[in-house]
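Quick caveat, the model's predicted, so the values are computed rather than measured.
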Amino acid sequence: MYVGQHWARFPVPLLPWLPSGISQRFMNVRNYWPRELRNLIRNEGFVIRTAGFTWLMFETFPLPYPVIRLYRKLIPVLER
């Protein structure tokens with residue numbers, strides 16, 4: 001995530017889930033929603049046999065434990 005000229009070298013919780021018009025102002029990578037990615041793949045002629053996902057494990061990044069604990073509590077809400 002970029003904030004002005006400063007670069008955060010760890011994932012910022014929930015930033016990838018914001019609408020792309022907002023998140024792309026702060027990110028240097030492209031984040032795809034599942035439907036977008038499926039459509040891109042199908043449009044190139046590929047057949048999707050199965051799809052899934054995994055949640056980012058913030059424990060591997062230098063985030064304060066209260067932030068990680070809050071993220072864990074939010075996972076059921078995010079899954080819905």
Side-chain angles (χ1 to χ4, degrees):
M1 174 178 172
Y2 286 101
V3 178
Q5 298 297 323
H6 303 283
W7 168 247
R9 300 195 182 278
F10 54 86
V12 176
L14 306 178
L15 180 62
W17 288 284
L18 293 175
S20 61
I22 296 170
S23 65
Q24 290 305 301
R25 295 180 196 165
F26 303 100
M27 294 174 23
N28 69 339
V29 297
R30 175 68 168 95
N31 187 56
Y32 292 95
W33 290 95
R35 183 178 9 183
E36 288 179 286
L37 192 54
R38 280 192 298 269
N39 289 340
L40 285 171
I41 291 168
R42 286 185 183 132
N43 289 342
E44 293 300 319
F46 290 93
V47 175
I48 299 171
R49 298 188 186 268
T50 186
F53 70 96
T54 183
W55 290 103
L56 181 60
M57 300 303 296
F58 285 108
E59 289 86 347
T60 61
F61 300 99
L63 294 174
Y65 185 73
V67 172
I68 294 170
R69 191 173 58 230
L70 175 62
Y71 171 72
R72 286 179 180 159
K73 287 181 182 179
L74 286 174
I75 286 176
V77 174
L78 295 170
E79 286 179 338
R80 280 186 255 136

Exercise. Is the count of non-hydrogen atoms from other residues, nucleotides or ligands lying under 6.0 Å from R35 atom CZ greater than 12?
Worked result: no
For this session: Under the side chain to side chain contact (heavy atoms under 4.5 Å, CB included) rule, collect the residues that match up with L74, sequence neighbours excluded.
Result: L14, L70, L78
Please output the side-chain donor-acceptor pairs of residues 40-49 that fall under 3.5 Å, not counting sequence neighbours, one pair per line with the distance.
residue: N43; atom: ND2; partner: N39; partner atom: O; Å: 3.1

Seminar exercise, completed: For P34, the side chain to side chain contact (heavy atoms under 4.5 Å, CB included) test, sequence neighbours excluded, returns R38
